[in-house]
Number of protein chains: 2
Amino acid sequence: MAETIAIDETNRLISSDKVDGTTVYDRQGEKLGSVRNFMVDKRSGKAEYAVLQFGGIFGIGSEYYPLPWDMLTYDTNLGGYVVEISKERLEAAPRYEERAEPEYDHIYGRQVYGYWGVPYPFV
Amino acid sequence: MAETIAIDETNRLISSDKVDGTTVYDRQGEKLGSVRNFMVDKRSGKAEYAVLQFGGIFGIGSEYYPLPWDMLTYDTNLGGYVVEISKERLEAAPRYEERAEPEYDHIYGRQVYGYWGVPYPFV
């Protein structure tokens, strides 16, 4: 097992395939959802946002919430990410349904980052 | 299909789960291997290196090559990444076998980046 963990995660780094599917909790340790995937700038390699999957059963009826990467904090005790947001705040957040994604351009990016009060650092 | 592509990739961004498993070619369009996963700095969100899977059948006997992220260029025509390295150069490169990963610390990082002649920008 130790070897498997080694490639998945170090103190500083985490594997892409370990991020995907990881549970996301609020500050009270209540489960909000999970990370569906995250979007990376092809040139710079910078993760721009994580897509949080929230609601639905077996993926049916799920909604997807783009969150600025910097809002996610990995908690080794919980074995998942913690975000400092309430469920109420999440419920009013930018989101989309399966197969109804918006074009994720800078305009949309600014909307998402703006909603969460995070400065949009990309151009 | 268009909707599926939209969330996977934009002009600027690519989804984490689209990177994993993507074929890697050399400059002549010859297949070198595929991306097994990539390692992301938890705090900054910066992809530090991709792990290229090379050799082996059905994953048995495969070897894993950490490559600086910046060496990978996505080619939309090929539908995969292109790296400017020869098979010979790859064969002498830092690598490890399944379940024999090194601790990926800054010392190892500098070795990997150094072998490929890429400045190591982390600390």
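Here is the naming used below: chain letters follow the sequence lines, and residue numbers restart at 1 for every chain. The model shown is predicted, which means the values in this text are computed figures rather than measured ones.
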Legend entry - Shared hydrophobic cluster for A:Val82 and A:Leu52 (ILVMFWY, side-chain gaps under 4.5 Å): no
Legend entry - Euclidean distance, B:Lys42 NZ relative to A:Lys18 NZ, rounded to 0.5 Å: 7.0 Å
Legend entry - Nearest heavy-atom neighbours spanning B:Asp20 and A:Ser16: OD1-OG, 2.9 Å
Legend entry - Atom CD of A:Glu91: over 12 foreign heavy atoms under 6.0 Å: yes
Inset, instruction - Would you give the length of the straight line joining atom CG of B:Leu13 to atom CZ of A:Phe38, rounded to the nearest 0.5 angstrom? - result: 12.0 Å
Inset, instruction - Starting at CD1 of A:Ile14, measure out to CG of B:Asn37 and round the result to the nearest 0.5 Å. - result: 11.0 Å
Legend entry - Proximity breakdown for A:Asp17 and chain B, heavy-atom pairs closer than 4.5 Å: both
Inset, instruction - Kindly work out whether a path of hydrophobic side-chain contacts (I/L/V/M/F/W/Y, heavy atoms less than 4.5 Å apart) joins B:Phe122 to B:Trp116. - result: yes
Inset, instruction - Would you mind checking which part of A:Thr73 comes under 4.5 Å of any heavy atom in chain B, side chain (CB onward), backbone (N, CA, C, O), both or neither? - result: neither
Legend entry - Same apolar cluster (I L V M F W Y, side chains within < 4.5 Å links), A:Tyr25/A:Ile85: no
Inset, instruction - Step through the shown structure and confirm whether more than 12 heavy atoms of other residues, nucleotides or ligands are within 6.0 Å of CZ on A:Arg27. - result: no
Inset, instruction - Let me know which of B:Asp105, B:Asp41, B:Val40 forms a side chain to side chain contact (heavy atoms under 4.5 Å, CB included) with A:Arg12. - result: B:Asp41
